[in-house]
Asker: 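Would you mind keeping the following structure in view while I ask a few things?
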Amino acid sequence: MKIIVCLKQVPAKDAPLRLAAGSDGRATAIREDVSFEMNEPDAYALEAALRLKEACLARQESGEVAVLTVGPARAAQMLREALAKGADRALHIETPSGAELDSHAIAVAMAAGLQSENFDLILTGLQSDDAGYAQTGLLLAENLGLPHATIIMKIEPHAGGLRVKRELEGGRFQWLELPRPALLTIQSGIDKLRYATLLGIKQAKNKPLARLELSALGVSPGSNRLAVARLAMPEKTKATEMLAGTPAEMAAALAQKLRQLHLVP
Amino acid sequence: MLKFRDVDLVGLASLLNDDERLVRDNTRAWVEDNLIPIIEDCAREGRFPRELLPAMAALGLFGATLQGYGCAGMSNVEYGLVMQELERGDSGLRSFVSVQSALVMFPIYAFGGEEQKQRWLPRLQSGEVLGCFGLTEPDFGSNPAGMRARARRDGGEYILSGEKMWITSGSIAQLAVIWARDDEGQIGGFLVETDRPGFQAQDIHGKYSLRASVTSSLALHDVRIPLGHRLPGARGLGSALQCLNQARYGIGWGVIGAAMQCYDTALQYAGFRRQFHDRPIAGHQLVQEKLVWMANEISKAQLLALQIGRLKDRGEAQPMQISLLKRNNCWMALETARRARDILGANGVASEYPVFRHMANLESVITYEGTHDIHTLIIGEALTGLAAYA
């Protein structure tokens with residue numbers, strides 16, 4: 001089974017979010033002094049892919065995991081981490097530094113980058129920890145004309161296709177059958193993530209990491225269909241009012257407030 | 001529990017390559033997930049976290065700088081970063097890895113015959129066999145040249161006798177690298193399986209330091225080993241000291257981790273602990289002085305370790321430079337731990353925070369593998385050309 005895993009490098013979970021005023025008066029997020037890491041749901045997608053590959057190898061079948069990202073030069077470190085954990089090769093569609101692409105532009109770039117690839121399965125995380133649109137996987141599937149399913153917790157080979165467990169709301173689950181190739185977006189926390197071994201980190205150096213320029217795929221930030229209208233820190237909308245006076249005065253004032261708010265008759 | 005934040009005032013990360021950062025972050029994540037949750041209990045109970053062995057072996061922590069035999073072949077800087085991250089968790093666990101790697105696998109790798117390497121290195125790498133290193137004796141610590149342990153030749157065998165003291169992993173090891181004097185008076189290294197008749201290991205109880213690692217005394221009463229168990233390349237005390245050089249290098253990095261943990265705990269604590277006019281104690285001048293001292297010394301120690309590591313990767317590091325690293329960084333870490341303890345006030349003596357454990361551990365670390373004073377004399381001799389040991 002040949003599996004492609006789409007990864008995104010996002011600001012580390014404990015990185016502070018700070019905004020700077022942009023030249024057009026709109027705020028942008030400051031990213032310079034932030035450390036980056038593999039998007040957590042994507043890490044679970046990679047883990048799921050590596051387990052599927054290992055199961056294939058155990059059955060004496062062939063198995064390959066290739067990882068793909070659309071991102072700036074720094075994203076190469078995340079690809080190396082994926083190679084160190086056991087991916088076989090990586091494809092980096094490099095974006096110009098500072099360029100912000102929306103889910104649609106990323107999906108178009110990924111679809112173009114995968115043009116010459118044969119694969120049985122594409123896995124992505126269900127959403128990114130930074131923007132959280134949960135769109136890239138679905139848009140990529142539509143661009144490639146693939147069947148897709150979201151929030152997947154379990155993947156089993158089934159009669160030449162796949163049988164997958166999907167999380168619904170309210171603690172309910174759904175089992176689906178899909179043909180191959182297909183695209184699945186993976187839920188976080190479904191398995192225990194592995195660590196890269198020191199030997200794996202050393203061996204990753206010798207694994208292929210191909211680079212493609214975004215512009216060579218005919219995609220640019222101008223391909224975005226989504227425009228950010230405004231970026232702002234959450235504003236405090238609730239206020240606490242302290243009542244002063246003697247206990248009797250405070251009780252009377254409180255009773256009056258509660259009546260005003262129709263919380264008591 | 002406070003979440004650890006990296007300490008990097010001088011842009012150290014920009015001096016590391018992608019692999020080095022990955023090694024650091026990966027080990028940090030492993031320590032955070034696996035060691036931090038259990039280490040306070042282990043230290044309190046005086047228990048070595050044996051359950052972590054399979055995972056440590058799978059990560060490739062044992063013999064990580066060696067080439068072949070299942071080892072990762074990491075650079076010295078990468079190895080240093082691993083030591084830093086392990087000791088950020090606990091000096092005891094780092095000590096265990098140092099002994100297995102630098103004091104057991106390294107001498108077999110550097111001084112052993114091919115048959116010895118094939119027999120032992122893969123099993124030590126996989127953690128199937130644990131090792132210990134017997135150099136120090138009850139009466140010979142800083143002056144190992146006076147050792148009394150003997151290896152008498154008797155036909156096709158050596159008969160080993162003597163006592164060894166303060167031996168990390170002594171009672172859990174299946175293999176001991178024992179240093180002893182032969183019939184010609186030459187000090188050599190001998191591979192001794194610990195289940196041979198006459199070999200006894202007893203744990204040293206009552207330690208207030210390195211409580212999560214095993215420390216033992218070894219007694220060898222006429223232990224017979226085949227002649228082929230001697231390390232052919234180990235000639236004289238210099239070979240044993242070469243092993244110590246490896247271990248001291250790792251310690252020089254490791255203690256930075258302990259210091260970073262202490263400093264970061266103190267910084268976070270000072271941010272939320274309020275005294276006098278409801279002001280965080282971090283806003284008090286005397287507390288800031290301590291925090292600045294710690295951050296300042298940690299930054300210098302990081303740069304020193306990185307530079308010695310780069311020299312070592314080029315094969316240019318001198319023993320004197322490794323003494324400089326071990327001496328400065330152990331002192332820096334212990335002083336940092338003491339200041340952090342002070343900032344935490346009464347909380348500094350409780351196991352809710354990791355500071356007192358690190359501080360107590362570092363009292364051992366500044367003592368073993370060459371005390372602070374002995375390293376002073378090594379550097380002093382290198383500077384002046386005059387040995388001042390006696």
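Protein chains get the first letters and strands the later ones, always in sequence-line order, with residue 1 at the start of each.
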Asker: Distance from Arg80(A) atom CZ to Asn17(B) atom CG, nearest 0.5 Å?
Answerer: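 Atom-to-atom, Arg80(A):CZ and Asn17(B):CG are 8.5 Å apart.
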
Asker: Does any heavy atom of chain A fall under 4.5 Å from the side chain of Arg21(B), the backbone, both, or neither of them?
Answerer: both

Asker: Specify which of Val23(B), Asp6(B), Thr27(B), Asp25(B) makes the most heavy-atom pairs with chain A at under 4.5 Å.
Answerer: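 Ranked by heavy-atom pairs under 4.5 Å with chain A, first place is Val23(B).
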
Asker: First locate atom NZ of Lys202(A), then atom SG of Cys71(B), and finally report the distance between them rounded to the nearest 0.5 Å.
Answerer: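 Answer rounded to 0.5 Å: 13.0 Å.
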
Asker: Which is it for Leu198(A) and Tyr79(B) under the side chain to side chain contact (heavy atoms under 4.5 Å, CB included) test, yes or no, and what are the steps along the way?
Answerer: CA-CA 10 Å; Leu198(A) 299 180; Tyr79(B) 174 68; over 6 Å; no

Asker: What's the spacing between Arg74(A) CZ and Asp18(B) CG if we round to 0.5 Å?
Answerer: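 Here the interatomic distance stands at 12.5 Å.
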
Asker: List the atom of Ala84(A), the atom of Leu22(B), and the distance in Å for their closest heavy-atom pair.
Answerer: CB-CD2, 4.1 Å

Asker: With a sphere of 6.0 Å drawn around CZ of Arg18(A), does it hold more than 12 non-hydrogen atoms of other residues, nucleotides or ligands?
Answerer: no

Asker: Measuring heavy-atom distances to chain A, does Ala58(B) have an atom under 4.5 Å in its side chain, in its backbone, in both, or in neither?
Answerer: backbone

Asker: How long is the gap from CD1 on Ile201(A) to CE on Met74(B), to the nearest 0.5 Å?
Answerer: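 The distance works out to 7.0 Å.
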
Asker: Just by distance, do the side chain of Asn26(B) and the backbone of Ala196(A) share a donor-acceptor pair under 3.5 Å?
Answerer: yes

Asker: Among Glu37(A), Gln77(A), Gln203(A), who wins on heavy-atom pairs under 4.5 Å with chain B?
Answerer: Gln77(A)

Asker: How about Lys154(A): does its NZ atom have over 12 heavy atoms from other parts shown lying under 6.0 Å from it?
Answerer: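 Not buried by this count: 12 neighbours or fewer within 6.0 Å.
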
